[in-house]
Amino acid sequence: MAKTQLNVRVDEDTARVARERAQERGMSVNRYIEELVRQDTGEAGHTFVEAAADFMKQYESVFAEEFGSAPGGRTEGPRERRGEGKSLSR
């Protein structure tokens with residue numbers, strides 16, 4: 001993705017905290033601010049959900065082998081197999 005320069009003015013305390021937080025996370029202030037904006041716009045959450053879906057798809061057979069499948073192709077957990085919880089099947 002192409003980068004563009006954005007200049008902002010903040011008070012001394014805000015600048016100090018931004019520098020400290022970025023350093024604590026091992027990243028530049030630019031990267032820190034970029035991540036804050038992404039979180040605010042929901043991009044980070046969307047990216048996480050996509051990654052989790054890809055992970056589940058990639059390891060679906062492993063989970064099915066380990067935990068079995070409920071009716072309708074849904075995976076049932078150990079509690080459902082023991083009859084302790086509601087099945088999530090539709």
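Excluded from the calculations below are hydrogen atoms, water molecules and symmetry mates; all remaining heavy atoms, backbone and side chain alike, are included. Source: prediction; values computed, not measured.
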- Flag yes if more than 12 heavy atoms outside E50 fall under 6.0 Å of its CD atom; otherwise flag no.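 Count over threshold, so yes.
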- Message: Can you confirm whether more than 12 heavy atoms, excluding those of E34, are under 6.0 Å from its CD atom?
- Response: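 It does: E34 CD has more than 12 such atoms within range.
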- Task: Flag yes if V37 and V8 sit in one hydrophobic cluster, no otherwise; membership is Ile, Leu, Val, Met, Phe, Trp, Tyr, and two members link when side-chain heavy atoms are under 4.5 Å apart.
- Result: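 No, it is not one cluster - the side chains of V37 and V8 are not joined through contacts under 4.5 Å.
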- State plainly whether one hydrophobic cluster holds both L36 and V29, where clusters connect Ile, Leu, Val, Met, Phe, Trp and Tyr through side-chain heavy atoms under 4.5 angstrom apart.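 Per the 4.5 Å side-chain linkage, L36 and V29 are co-clustered.
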- Please name all residues satisfying side-chain hydrogen bond (donor to acceptor under 3.5 Å, both in side chains) with E12, sequence neighbours left out, ordered by chain then number.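 Partners of E12 by the side-chain hydrogen bond (donor to acceptor under 3.5 Å, both in side chains) criterion come out as none, since no residue qualifies.
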- Message: Once rounded to the nearest 0.5 Å, what's the spacing between atom CZ of F63 and atom CD of Q58?
- Response: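 So the gap between those two atoms works out to 10.5 Å.
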- Message: If I take atom OG1 from residue T14 and atom CZ from residue R9, how far apart are they, to the nearest 0.5 angstrom?
- Response: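 T14 OG1 to R9 CZ: 14.5 Å, rounded to 0.5 Å.
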- Query: For the residue pair F55 and Y59, does the interplanar ring angle fall in the parallel (under 30°), tilted (30 to 60°) or perpendicular (over 60°) class?
  - Reply: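 Ring orientation, 0 to 90° scale: tilted.
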- Query: Which heavy-atom pair separates A22 from Y32 by the least distance, and what is that distance?
  - Reply: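 Closest approach of A22 to Y32, heavy atoms only: CB-CB, 3.8 Å.
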- Query: With sequence neighbours left out, which residue pairs that include part of residues 18-30 fulfil the salt bridge (Lys or Arg N to Asp or Glu O under 4.0 Å) condition?
  - Reply: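 Listed once each, the pairs are R16-E20.
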